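I have placed the structure first, in the form of structure tokens, so that the comments after it can refer back to it.
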Amino acid sequence: MEILKLNVLSHKQLAVQTFELVLQKPLHICPKPGQFAMVKVEGKFLKRPLSISDYTEETITFIYKVLGEGTKLLSESKPVEIEVLLPLGSDFERTAGHATLIAGGVGIAPMACLARELAANGATLDIHLGYQTANQVFLADKLSEYGNVTIYTEDGSCGQKGYCLPTEVAPDSVIYGCGPHPMLNAIANQYPNQGWLSTEEYMACGFGICAGCVIKLKSGLKKVCQDGPVFAKEEFEC
Amino acid sequence: MEILKLNVLSHKQLAVQTFELVLQKPLHICPKPGQFAMVKVEGKFLKRPLSISDYTEETITFIYKVLGEGTKLLSESKPVEIEVLLPLGSDFERTAGHATLIAGGVGIAPMACLARELAANGATLDIHLGYQTANQVFLADKLSEYGNVTIYTEDGSCGQKGYCLPTEVAPDSVIYGCGPHPMLNAIANQYPNQGWLSTEEYMACGFGICAGCVIKLKSGLKKVCQDGPVFAKEEFEC
Amino acid sequence: MLIAEKLQIITDNSHRLNVNLGSLELKNPVMPASGCCAFGHELNNFYPISELGAIMIKSTTDEARDGNANHRIYETSSGMLNSIGLQNPGVDVVIEQHISWLSSIGATTIVNLAGSDKQSYVNVAKKLETVKEQICAIELNVSCPNVKQGGIQFGTDPEMLKDLINSITAVTTIPVFVKLSPNVTSIKEMALAVEETDAFGISMINTLVGMAIDYKTGKPVIANKIAGYSGPAIKPVALKQIYEVRQVTNKPIIGMGGIESATDIIEFLSVGSDAVAIGTANFNNPTICIDILIDLIAIMDELNIEHINQFKGRAHV
Amino acid sequence: MLIAEKLQIITDNSHRLNVNLGSLELKNPVMPASGCCAFGHELNNFYPISELGAIMIKSTTDEARDGNANHRIYETSSGMLNSIGLQNPGVDVVIEQHISWLSSIGATTIVNLAGSDKQSYVNVAKKLETVKEQICAIELNVSCPNVKQGGIQFGTDPEMLKDLINSITAVTTIPVFVKLSPNVTSIKEMALAVEETDAFGISMINTLVGMAIDYKTGKPVIANKIAGYSGPAIKPVALKQIYEVRQVTNKPIIGMGGIESATDIIEFLSVGSDAVAIGTANFNNPTICIDILIDLIAIMDELNIEHINQFKGRAHV
Ligand SMILES: Cc1cc2nc3c(=O)[nH]c(=O)nc-3n(C[C@H](O)[C@H](O)[C@H](O)COP(=O)(O)OP(=O)(O)OC[C@H]3O[C@@H](n4cnc5c(N)ncnc54)[C@H](O)[C@@H]3O)c2cc1C
Ligand SMILES: Cc1cc2nc3c(=O)[nH]c(=O)nc-3n(C[C@H](O)[C@H](O)[C@H](O)COP(=O)(O)OP(=O)(O)OC[C@H]3O[C@@H](n4cnc5c(N)ncnc54)[C@H](O)[C@@H]3O)c2cc1C
Ligand SMILES: Cc1cc2nc3c(=O)[nH]c(=O)nc-3n(C[C@H](O)[C@H](O)[C@H](O)COP(=O)(O)O)c2cc1C
Ligand SMILES: Cc1cc2nc3c(=O)[nH]c(=O)nc-3n(C[C@H](O)[C@H](O)[C@H](O)COP(=O)(O)O)c2cc1C
Ligand code: FES
Ligand code: FES
């Protein structure tokens with residue numbers, strides 16, 4: 001965990017309101033799938049938490065959606081250098097067997113490195129991706145390199161119509177989920193499988209000193225930034 | 001008086017801590033010598049008052065010194081567009097006879113257009129310019145096109161050593177002064193001549209609505225931004 | 001967009017923007033705050049101020065006041081300090097030169113009234129009463145120290161506050177908005193004091209109190225040392241206090257404190273304001289009061305809001 | 001610059017940075033504020049927190065507390081709102097797991113003490129007294145509502161405040177700093193109340209109080225609706241209140257409120273602080289407390305200041 005100013009290598013739009021930001025990564029920083037960074041936006045007071053979408057030896061990629069003022073400013077300014085605190089939080093424990101990835105909206109971002117590493121691990125992947133509408137689809141092509149991708153859109157404009165919840169998941173498959181809270185709760189309670197879910201909460205610090213991100217899970221109070229963002233699936237079951 | 005976003009044509013260092021900023025001027029904006037602008041600095045809350053140093057049909061030039069955070073930010077950022085409110089305040093009434101310009105520090109900035117316009121008016125100019133030290137000298141070359149320039153530095157590293165106060169001013173010469181408060185008071189009380197002095201005070205609005213810039217002159221309370229910044233010399237006499 | 005085009009849009013949407021402050025009806029909810037628009041002449045050079053909901057002119061006192069020495073203002077993070085010291089030409093000049101002009105151009109004028117003891121307030125109120133047809137309302141600035149009571153501010157003591165309000169409402173029929181000071185332990189207590197009077201409404205908040213130091217010299221930057229604190233930095237405090245005051249009164253509230261965008265206005269209406277005043281933001285943008293109405297209309301369209309009143313009080317339900 | 005290099009510079013300049021809070025001597029004037037450094041473990045991963053002047057750990061209560069629901073924090077202009085709700089594992093766990101660890105690594109620990117009634121405060125103080133050799137000082141958080149007195153905050157009523165302080169100093173020999181709440185009509189009145197007790201010193205300011213609204217829904221963003229307000233936006237208020245408190249007391253003052261630069265520290269010393277605490281700024285930069293000391297030394301060189309004490313109280317002369 002380190003505070004660094006990283007050069008911007010590219011910063012482009014992927015889909016409606018969705019941007020990809022690629023930074024130069026120092027070699028000694030070794031992120032893991034599911035971890036995140038606190039990203040400085042000039043003009044805003046607090047840093048913004050963003051999942052690490054993917055990385056190579058020398059690059060680190062974020063994918064973000066314009067939601068409020070901070071992400072809007074980030075997308076409009078074209079900084080050449082960005083201050084980040086990273087890598088932060090827990091990661092997805094990777095299986096070598098069968099994996100079912102279920103992600104919605106910007107929750108799809110961290111699936112990039114997760115799918116890549118799972119595949120490298122020898123896992124077989126079913127990947128379910130949910131979007132609001134066709135023009136918001138991103139990462140689907142890339143993810144199809146690693147497994148069988150099914151797309152869902154709320155309005156049916158692309159793939160299956162409806163929420164991104166597969167009707168069946170193989171009993172021995174490990175579930176990996178990331179998306180809005182209702183989606184995580186649905187995943188937790190709909191499938192009996194083992195798995196890992198990544199959640200979010202408003203954050204001030206991102207590294208455990210403010211207690212701003214604390215949520216109540218089954219086993220008690222947890223800091224999303226430090227104990228999470230990835231938690232065992234049973235923590236969300238009720 | 002108008003709020004405008006103007007393109008930056010050039011932005012370069014002239015001397016130690018001294019920068020020149022040239023903006024593209026719309027044709028319908030017609031500044032006069034002595035007037036100023038409120039200049040937006042990204043990251044700062046209030047605009048900063050800067051004298052209009054010079055202008056052509058299509059350009060407007062400011063010269064500023066890095067003093068505090070705002071001017072530092074301006075000099076370090078390289079904006080392509082700057083928001084300004086201009087032209088503001090009173091101007092120097094121009095003589096056609098003999099003129100003595102006495103200016104110190106950044107007070108030298110507005111002398112550029114003043115000297116040019118006075119010369120165009122047929123006036124004869126003696127120009128006295130005060131700096132702290134040799135590496136802060138700016139505009140002296142340009143001003144020597146319009147009149148007889150004498151340079152003063154506090155440490156004697158260039159020109160005459162000491163404060164910029166000519167030992168003699170021709171009795172019929174009109175004095176034009178701009179500089180720090182003690183300098184203006186000295187000019188006001190040292191020479192019996194007629195003249196015009198430009199002063200400064202902290203400003204919030206720059207156009208008369210906040211009463212932040214009010215100072216007490218001989219004839220009463222004055223808004224520097226609206227009644228000034230140029231006042232008749234006798235206003236400062238005591 | 002030219003000002004004329006903006007004004008046209010506002011006119012076209014006037015049926016969506018009109019607000020009632022009790023029995024007072026305003027064209028729209030936006031007005032420049034006292035001390036942040038002088039007496040209106042300067043803003044009127046940028047746009048016709050008669051198009052505003054109202055205009056709250058500079059604090060007016062019985063006698064002319066010179067105000068404080070320099071420096072009077074200083075910038076801070078997301079805000080500014082000011083200590084102008086109620087500089088104004090005195091009520092007689094204000095009536096002759098400013099209120100009559102404002103009336104002649106069709107502006108809706110709210111006169112901010114200040115004083116140093118009860119009598120000096122009452123004197124101004126009586127004079128304003130003589131031109132009451134030119135005045136929409138009085139805004140009572142109670143953040144002034146009472147020189148007759150050891151310098152305690154009227155707005156920090158419920159009894160002194162009630163007494164002052166009663167003596168004003170006794171001499172004028174003009175609706176009186178009491179401008180609450182935020183620098184109190186319990187803003188509800190002050191609102192409840194107002195509730196017991198014939199005051200027409202409340203405006204809030206006046207400035208917080210702050211200080212700036214020149215780190216090189218270690219001395220206060222502002223000549224008066226202590227200064228009023230305004231701008232976006234005080235917005236969270238304003239929202240909280242208006243929220244609390246709305247819990248204890250049904251009187252109309254003119255909300256203010258750091259407003260600089262249309263979403264800010266919506267937030268102020270949500271916590272219980274009926275209209276809003278814009279102070280410091282005028283300094284950064286002379287046409288803010290018009291620009292913000294244009295943005296407000298755009299957001300209302302986006303959110304499918306037909307009338308501005310739909311935003312009112314949503315934080316309380 | 002690497003942290004090791006920074007620490008070396010600080011060590012080399014230690015004779016210029018040491019400060020006395022009455023009889024307590026600190027290595028330097030900088031410490032992280034309560035609630036903004038948890039119990040020190042995380043910051044200690046960035047730098048050895050034993051190099052700090054002190055560390056003010058999270059408010060500790062008699063029993064464990066879960067704190068408030070989400071959302072607990074929100075960003076505002078130049079600041080943030082928080083409503084954590086004093087989440088902490090209770091004094092027994094704090095002593096066993098945190099204070100003993102802090103002591104073992106040589107940190108200078110100031111324990112922030114909170115409660116819901118007098119007895120619950122006293123219980124914590126008694127337990128802290130049993131490990132007094134591990135504790136530099138107690139910071140008394142008096143911004144808590146007294147559940148036995150209709151929820152009035154201890155720090156807003158002089159009599160209740162004195163009574164609370166007296167009952168703490170009666171059961172502990174650890175120096176007690178009273179952490180004043182800024183949300184009062186007269187901060188001097190509160191300081192004068194502290195002055196009448198055996199409290200060792202004052203720390204100030206705690207958070208202002210604010211609110212944020214989601215303009216789309218019109219609802220408060222923070223689950224608790226009302227929240228503490230911190231960051232650079234509150235700095236002018238902090239400077240003004242410390243200035244005023246210094247006028248009425250000679251007790252040591254730990255100043256805080258929006259500090260994020262070395263010039264801020266100098267300003268806080270100028271108005272009368274003897275040391276400073278840094279809160280919110282730790283969130284944006286985990287090494288701020290070290291970085292700011294480096295900047296401070298550079299500015300002292302620039303201004304030809306040999307010892308940090310030379311900055312103290314300059315606004316008052
Ligand atoms: C661990 C984690 C990983 C995330 N990964 C991604 C990602 O890869 N891509 C992406 O687009 N988004 C991601 N988010 C959500 C992202 O942080 C928010 O969309 C973003 O902070 C919104 O900032 P804003 O200024 O645009 O919105 P505003 O609403 O203006 O923000 C105001 C404040 O609220 C906070 N906030 C608002 N919404 C959220 C939210 N949903 N989650 C957390 N904080 C919020 C902001 O951080 C800020 O402090 C992640 C969040 C977390 C906690
Ligand atoms: C009419 C007028 C014309 C000016 N023309 C020029 C010019 O041509 N070139 C130039 O370099 N400077 C000029 N100045 C001074 C210039 O405005 C200040 O140097 C500048 O505002 C400092 O800003 P800062 O953020 O760097 O300093 P800070 O000290 O950080 O500023 C803090 C606040 O104080 C105000 N302030 C600080 N010093 C001054 C000052 N001397 N005058 C006015 N406000 C001040 C700032 O505007 C800001 O609001 C002029 C001032 C006035 C009033
Ligand atoms: C420079 C300045 C002068 C002010 N003068 C007055 C005044 O004379 N009377 C008054 O009641 N309020 C005065 N105020 C307070 C404002 O009317 C307003 O209540 C406050 O600034 C909060 O709003 P804002 O943050 O939008 O500025 C003044 C504020 C500023 C910034
Ligand atoms: C997230 C957060 C949690 C806080 N928790 C506490 C607390 O538990 N006890 C306390 O006395 N002060 C607490 N504070 C207040 C700070 O200690 C400090 O007084 C205040 O934030 C002002 O300093 P700053 O602007 O540097 O943050 C907290 C502040 C923040 C931002
Ligand atoms: S974001 Fe600060 S503790 Fe998690
Ligand atoms: S700067 Fe506002 S009146 Fe002059």
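What you see is a predicted model, and the numbers here were worked out from it, not measured in a lab. Below, read A as the first sequence line, B as the second, and so on, with proteins coming before strands; counting in each chain starts at 1.
- A distance of 10.5 Å separates CD1 in I215(A) from CZ in R72(D), rounded to the nearest 0.5 Å.
- Once rounded to the nearest 0.5 Å, the distance linking CG of N284(D) with NZ of K40(A) reads 5.5 Å.
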**OP:** Let me see the working for F283(D) and F207(A) under ring pair (Phe, Tyr, Trp, His ring centres under 6.0 Å), right down to the final yes or no.
**Re:** CA-CA 8 Å; F283(D) 306 157; F207(A) 63 102; 7.8 Å; no
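- For chain D, the nearby parts of K44(A) are the backbone and the side chain; heavy atoms of each come within less than 4.5 Å.
- With a 4.5 Å cut-off on non-hydrogen atoms, E75(D) touches chain A through its backbone and its side chain both.
- Of the atoms belonging to L46(A), heavy atoms from both backbone and side chain fall under 4.5 Å from chain D.
- Proximity to chain A (any heavy atom under 4.5 Å) is shown, for F39(D), by neither the backbone nor the side chain.
- Interface residue D66(D): backbone and side-chain heavy atoms are both found under 4.5 Å from chain A.
- If you measure heavy-atom distances from L85(A) to chain D, the contacts under 4.5 Å come from the side chain alone.
- Scanning residues 180-191 of chain A against chain D with a 4.5 Å non-hydrogen threshold yields no residues.
- Atom-to-atom distance recorded for N70(D):CG and Y202(A):OH is 10.5 Å, nearest 0.5 angstrom.
- Heavy-atom distances place no part of E69(A) under 4.5 Å from chain D, backbone and side chain included.
- Residue contact with chain A, scored on non-hydrogen atoms closer than 4.5 Å, is absent for S83(D).
- With rounding to the nearest 0.5 angstrom, the CD atom of E2(A) is 10.0 Å from the CD1 atom of I3(D).
- Heavy-atom distances place the backbone of M203(A), and not its side chain, under 4.5 Å from chain D.
- Rounding to the nearest 0.5 Å gives a distance of 9.0 Å between SG of C210(A) and NZ of K58(D).
- Counting heavy atoms from C-beta outward, I3(A) and F46(D) have side chains that stay 4.5 Å or more apart.
- To the nearest 0.5 Å, atoms CG (N282(D)) and SG (C205(A)) are separated by 9.5 Å.
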